[in-house]
Amino acid sequence: MGNPTPTLSARPLAFLVAGVLVGGLISATTAGTATAADNTGDFDTTAPGTTPSGWSVSGAGGDATVQDVPGTVDRSLRLRDTSTTAPVTAGTSFGTTSSTVVAGFRLRAAQTSATIGVHLDSTGGHSVTVAMGANGRLYTYDAAERVDLGAYRANRWYDIKVVAHPSTATAELYIDGERKATGLAFRTSTTALGGIRAGVSTAGTGSAWVDDVRTTTESTPDNWQYLGSVAPRTARQVGTSDLIIGAETLDRDYTDYQAFAPYLGRLGATSTRLQGGWAKTEKTKGVYDWTWLDKIVDDARSRGVKPWLQLSYGNGAYPGGGGSGLGGKLPTSDEALAAWDAWVTAMVNRYKNRGVTEWEIWNEPNLAGIPVADYTDFFIRTATLIRAEQPKALIYGQEAGIEVPYARDFLMRLADKGKADLLDGFTYHPYNPNPDDAWTYGQVEKLRALIAQYAPGAILRQGENGAPSRPGSFGALGDLDWTELSQTKWILRRVLNDLGRGISTSVFSISDLHYPSKINSKGLLQTNTDKTIRYAKPSYYAVQNVASLIDDTMQPLTGYTWTAAPGTPLTVQAFAKRGTGRQIVGVWSGAAKPSDDNTRKSIDLTFTGGNFKDPVHVDVRTGAVFDIPAGNWSVQGRSYTFKDVPVYDSPVLIADRSVIKF
């Protein structure tokens, strides 16, 4: 198979880089492993005015040193060209590799009148180039053909990801979480890459800033042809699915919606969990300012993302108004409860006409120490108000963790009071270092049984769950050692476990959260100190892959039967395409918190109820799709056997090619 036709869109792409090194960079690694990006690829610890360790500078046209970025608290590598007769470049070698190179990178130009290029090099020359042109246009190359990528702006950071495949001599480019081009042929064809060089051209003068270089290599199955990568789909393109993205704490300004909004729709999750923010909306008694929430709800819907609103927390403007943050108590005074009632009624009336149909009542009442009797009464009070204004609303009760006794008592009391019809769903927040933990899903089945007994027809939803991307994070699981790689694996395993069991599931959260005491790094997006977005973490792209693959046209297959040789602990979750029955089967190893080791083990798998015509292998974490050679699979009736499947502690798929969008 030759190079696939490059796919481009009209939005601007800024830059690319791959490979690299020491000093301000994370080194490329050997095949089978990956270095996690733990915010160590910046230049903040390098002294201003010096060249980063491991970099070499050439050209007499200027200098390349680390400097403080004007107007920010950031420190980055600055390339400054002051000559129209000589260039300035900075580069490094990262060692020859034939593996796929994945690179993340941020770049900003101080002007739009200089040509700034970054090249991923082989021994034969530039294999991949992306440049900011002197005409204010971005461009790259498909072989020798120059490809325009749109306009760029001066003094704006661009978040870039590049995936380069020496095995097919092709590359993919992403900007701000959006795939801009795929199947770009290398300028210089090569089977190995070895270095990177960035520079400002000879003819022009100007400056460019480079930061947050994060580079890994990825192994590929031996002799399995690379076919391409999973095509991201926006939420609008997906339509509907059971995948939710959390956008919590906007009510307390711990995140910035306007900063992460461009990434929201292109993630592909079709709904988002928001906290309603009584205290933020009604700062003065009886006066509602909906401006902040109107903008969020309207913008999310414009991106194809449906808001799911939580009614919480309390409001300190009223005596006995309850706590206005995590762990806050319910409002208790007559005045505060009357004000709560008025706010709930006004809120439902306002947002029922803005496409909001789902409501959740309070956040983690059991962790806040709220007695179950009090929560039940409060739920009935609030749900009754919702139902009066929006009869077809979907209303969820909630608890933290999977505390079955609390849920049981809530459901029993609700039924005893004859109010079970107010409950359309129940949400839980399971945090466990092992995303495959059998106890967790045993508790889930207990909750399902209780719901079926006391509130038939209500559904169970995983309403908030995630993992940090670095050690020392605020909140659940924050005391463990995490990296961006282990975060990615954890999220994928949790999400596919849930979806494979028919559980609507939410990923917490779209963006890192800036609590008063510490950052909660569970976001898919890394933030700056001002809550603006620094870059999309690997977990963002991985969830993007899941969103593209598993929508409401895919039906979970519970009780799917399989065997493996050699015998090893595996988790298997299967799905079938509605209409055709063609399957996607997710497989991964590991019975504990995910590791930072990507070493694969070859496994023979047999699916006794399979349905494949043209099976392919997909690494969900990277999105890479490979052909499974004819000699590696066989079928007898509905029993399919796949030999030497590379499996590790992150989900891979055996999927029919017809259900994969490239």
Side-chain angles (χ1 to χ4, degrees), residues 246-260 272-300 307-352 354 356 358-370 374-375 377-379 381-383 385-386 389 395-398 400 427 429 463-464 474-475 508-511 513-520 531:
E248 293 87 352
T249 75
L250 289 163
D251 59 320
R252 286 153 286 163
D253 298 314
Y254 295 167
T255 58
D256 181 348
Y257 181 84
Q258 296 305 317
F260 67 68
T272 185
R273 180 174 180 251
L274 301 167
Q275 290 165 318
W278 181 23
K280 185 170 182 176
T281 302
E282 189 183 357
K283 295 179 180 179
T284 301
K285 289 183 180 182
V287 179
Y288 301 133
D289 183 357
W290 305 101
T291 305
W292 72 279
L293 191 54
D294 283 353
K295 291 178 179 178
I296 292 169
V297 169
D298 292 347
D299 183 79
W308 166 35
L309 287 180
Q310 183 189 83
L311 295 165
S312 66
Y313 289 100
N315 191 337
Y318 293 93
S324 58
L326 185 64
K329 304 293 185 180
L330 301 174
T332 55
S333 70
D334 290 344
E335 182 187 10
L337 286 169
W340 168 268
D341 293 350
W343 172 70
V344 169
T345 299
M347 188 166 182
V348 175
N349 266 317
R350 188 172 192 87
Y351 293 108
K352 70 181 182 182
R354 279 181 151 91
V356 176
E358 295 185 317
W359 304 88
E360 185 179 47
I361 298 174
W362 212 256
N363 186 61
E364 301 182 347
N366 55 325
L367 280 193
I370 297 170
D374 293 350
Y375 177 66
D377 290 344
F378 188 76
F379 175 88
R381 180 190 193 109
T382 306
L385 294 169
I386 297 170
E389 304 302 325
I395 305 173
Y396 292 82
Q398 200 229 82
T427 68
H429 299 176
E464 179 197 301
F474 178 87
F508 181 82
S509 173
I510 181 72
S511 169
L513 305 102
H514 292 241
Y515 284 79
S517 61
K518 192 182 290 187
I519 292 174
N520 189 334
K531 305 170 198 168

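Counting begins at 1 with the first residue of the sequence.
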Interatomic spacing from [atom1] in [X] to [atom2] in [Y] - rounded to 0.5 Å:
X    : Y    : atom1 : atom2 : value
Y254 : F474 : OH    : CZ    : 7.5 Å
I386 : R381 : CD1   : CZ    : 13.0 Å
D341 : L385 : CG    : CG    : 5.0 Å
R354 : L309 : CZ    : CG    : 11.5 Å
E464 : Q398 : CD    : CD    : 7.5 Å

What's the verdict on side chain to side chain contact (heavy atoms under 4.5 Å, CB included) for N363 and R273, showing C-alpha distance, side-chain angles and the deciding distance? CA-CA 12 Å; N363 186 61; R273 180 174 180 251; 2.8 Å; yes

Hey, does [Y] have a side-chain heavy atom less than 4.5 Å from the side chain of [X]?
X    : Y    : value
L250 : K280 : no
Y318 : W340 : no
Y313 : R252 : yes
W278 : D251 : no

Is it the case that W292 and T281 place a side-chain donor and acceptor less than 3.5 Å from each other? yes

I510 and T272: CA distance, side-chain angles, deciding distance, side chain to side chain contact (heavy atoms under 4.5 Å, CB included) verdict: CA-CA 9 Å; I510 181 72; T272 185; over 6 Å; no

How far apart are the C-alpha atoms of K283 and D289, what are their side-chain angles, what is the distance that settles it, and do they pass the salt bridge (charged side-chain N to carboxylate O under 4.0 Å, His left out) test? CA-CA 8 Å; K283 295 179 180 179; D289 183 357; over 6 Å; no

Verdict with supporting geometry, E389 and V344, side chain to side chain contact (heavy atoms under 4.5 Å, CB included): CA-CA 10 Å; E389 304 302 325; V344 169; over 6 Å; no

Backbone of A339 reached by a side-chain donor or acceptor of E335 within 3.5 Å: no

Option among Q275, M347, R350 that satisfies the side-chain contact (heavy atoms from CB on, under 4.5 Å) test with L293: M347

For the ring pair W362 and F378, is the centre-to-centre distance below 6.0 Å? yes

